[in-house]
Amino acid sequence: MKAIIFFIILSINIFSQQQPLKTVEYVDIQKYLGLWYEIAKIPNRFQSQCVRGTTAKYSMKENGEIEVINSCIEEDGSTDRTEGIARIVDKKSNAKLEVSFFSILGWRPIWGDYWIIGLDTNYQWAIVGTPSRKYGWILSRSPKLGKETLDKIFTILREQGYNPKEFEFSKQ
């Protein structure tokens with residue numbers, strides 16, 4: 001009897017563990033660069049001041065790093081702008097990156113995961129996540145996405161172990 005109970009508990013634990021987050025197979029970084037509109041995100045403390053107009057702009061620097069400029073409009077109508085750096089962690093797929101928005105005299109002690117887990121074949125939308133699934137973003141080349149596209153994105157999020165209901169739509 002103890003063996004049966006142990007087996008049941010072990011089985012529940014194995015099946016309840018989340019599968020590892022999977023990135024897309026390959027990202028052409030040159031196609032990924034440019035301006036992206038935030039369609040939705042899992043709310044987080046570092047974007048709490050943003051009320052609308054959130055964008056991310058990526059451009060390649062001469063040293064191979066990716067310049068990141070995030071901006072949004074705050075409640076008082078002012079623009080909040082944050083500059084950072086992204087670096088490619090997985091050079092085979094280019095889908096695993098790290099970003100840093102904190103620098104001390106050029107040294108960047110804090111990096112965050114930025115994994116591309118969903119990507120339109122024409123680079124018109126992207127899903128960015130983190131292995132912990134604590135953070136997530138839906139990005140688009142245009143300020144709005146249609147219902148059919150959003151349904152596809154939500155399916156990918158569910159397959160990746162995210163709860164789409166945790167995502168809050170952003171006002172553009």
Side-chain angles (χ1 to χ4, degrees), residues 17-120 123-143 153 156-157 160-164 166-172:
Q17 292 177 358
Q18 272 188 330
Q19 295 296 316
L21 192 64
K22 293 180 184 175
T23 63
V24 296
E25 287 186 30
Y26 181 74
V27 177
D28 180 332
I29 292 298
Q30 291 302 316
K31 288 182 181 179
Y32 196 82
L33 298 176
L35 182 67
W36 291 90
Y37 294 89
E38 180 185 272
I39 300 301
K41 70 177 174 302
I42 295 176
N44 57 69
R45 63 174 171 70
F46 49 86
Q47 287 185 278
S48 61
Q49 77 284 5
C50 298
V51 295
R52 63 182 165 86
T54 302
T55 61
K57 185 175 181 182
Y58 307 106
S59 57
M60 189 65 71
K61 296 175 65 172
E62 287 183 22
N63 66 1
E65 292 178 328
I66 299 167
E67 180 182 50
V68 181
I69 300 174
N70 290 343
S71 65
C72 69
I73 307 299
E74 296 183 4
E75 187 73 40
D76 65 3
S78 64
T79 299
D80 179 80
R81 179 181 158 113
T82 306
E83 295 183 27
I85 298 293
R87 62 185 179 194
I88 299 168
V89 176
D90 178 358
K91 304 258 187 211
K92 184 177 177 185
S93 71
N94 294 333
K96 290 182 183 178
L97 295 92
E98 292 178 327
V99 292
S100 176
F101 293 96
F102 179 71
S103 174
I104 301 172
L105 302 172
W107 175 58
R108 295 185 176 274
I110 301 171
W111 292 86
D113 290 317
Y114 182 108
W115 289 17
I116 302 168
I117 62 171
L119 183 61
D120 176 59
Y123 290 70
Q124 294 305 299
W125 56 261
I127 308 168
V128 176
T130 62
S132 68
R133 293 171 179 82
K134 182 177 179 182
Y135 302 106
W137 294 267
I138 299 170
L139 306 175
S140 174
R141 295 294 188 180
S142 61
I153 289 169
I156 293 168
L157 286 170
Q160 290 279 18
Y162 277 95
N163 179 355
E166 292 181 359
F167 284 75
E168 172 184 276
F169 282 92
S170 306
K171 293 180 184 175
Q172 286 296 328

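Because only heavy atoms are used, hydrogens play no part in the values below, and waters and symmetry mates are left out as well, while side chains stay in. Quick caveat, the model's predicted, so the values are computed rather than measured.
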- Test side-chain contact (heavy atoms from CB on, under 4.5 Å) on Ile138 and Leu157 and set out the steps. CA-CA 10 Å; Ile138 299 170; Leu157 286 170; 4.1 Å; yes
- Query: How far apart are the C-alpha atoms of Leu33 and Tyr58, what are their side-chain angles, what is the distance that settles it, and do they pass the side-chain contact (heavy atoms from CB on, under 4.5 Å) test?
  - Reply: CA-CA 5 Å; Leu33 298 176; Tyr58 307 106; 4.0 Å; yes
- Message: With side-chain hydrogen bond (donor to acceptor under 3.5 Å, both in side chains) as the criterion, how do Gln47 and Trp137 come out once you've worked through the C-alpha distance, each side chain's angles and the decisive distance to 0.1 Å?
- Response: CA-CA 12 Å; Gln47 287 185 278; Trp137 294 267; 2.9 Å; yes
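Of all non-hydrogen atoms in Arg133 and Gly161, the two that sit nearest each other are CD-O, 3.4 Å. Of all heavy-atom pairs spanning Pro131 and Leu21, the tightest one is N-CD2, 3.7 Å. The two residues Pro143 and Ile39 have their closest heavy-atom pair at O-CD1, 3.3 Å. Closest heavy-atom contact between Ile117 and Ile156: O-CG2, 3.8 Å. For Ile66 against Ile88, the heavy-atom pair with the smallest separation is CD1-CG1, 4.4 Å. The two residues Pro43 and Glu166 come nearest to each other via the heavy atoms CD-O, 3.4 Å.
Here the CD1-NZ distance, from Ile73 to Lys171, works out to 13.5 Å after rounding to the nearest 0.5 Å. Note: Ser140 OG to Leu35 CG = 10.0 Å, rounded to the nearest 0.5 Å. For the atom pair NZ of Lys22 and CD of Gln160, the computed distance is 7.5 Å after rounding to the nearest 0.5 Å. A distance of 10.0 Å separates CG in Leu97 from OG1 in Thr23, rounded to the nearest 0.5 Å. A distance of 9.0 Å separates CH2 of Trp115 from OG1 of Thr130, quoted to the nearest 0.5 Å.
Legend: disulfide bond (SG atoms under 2.5 Å apart) pairs involving residues 25-96, not counting sequence neighbours, sorted by first then second residue: Cys50-Cys72. The list of salt bridge (Lys or Arg N to Asp or Glu O under 4.0 Å) pairs with a residue in residues 90-99, not counting sequence neighbours, reads Arg87-Glu98. Pairs engaging residues 61-74 under the salt bridge (Lys or Arg N to Asp or Glu O under 4.0 Å) rule: Lys61-Glu65 [sequence neighbours left out]. Sequence neighbours left out, not one pair with a member in residues 44-55 passes salt bridge (Lys or Arg N to Asp or Glu O under 4.0 Å).
Taking the six-membered ring for Trp and the full ring otherwise, Phe102 and Phe46 have centroids separated by 6.0 Å or more.
Checked against ring-ring contact (aromatic ring centres under 6.0 Å, His included), Tyr37 has no partners two or more places apart in sequence or in another chain.
Annotation: side chain of Tyr114 is not in contact with side chain of Val68 (no heavy-atom distance under 4.5 Å). A heavy-atom distance below 4.5 Å is found between the side chains of Asp28 and Tyr123.
Counting only distance, with no hydrogens or angles, the side chain of Ser103 and the backbone of Gly106 share a donor-acceptor pair below 3.5 Å.
For the pair Arg141 and Trp36, the cation-pi test (distance below 6.0 Å, angle within 45°) is passed.
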Side-chain atoms of residues 78-85: list all donor-acceptor pairs with protein atoms under 3.5 Å, sequence neighbours left out, distances to 0.1 Å.
unit_1, atom_1, unit_2, atom_2, d
Ser78, OG, Asp76, OD1, 2.6
Asp80, OD2, Gln49, NE2, 3.0
Arg81, NE, Glu83, OE2, 3.3
Arg81, NH2, Glu83, OE2, 3.2

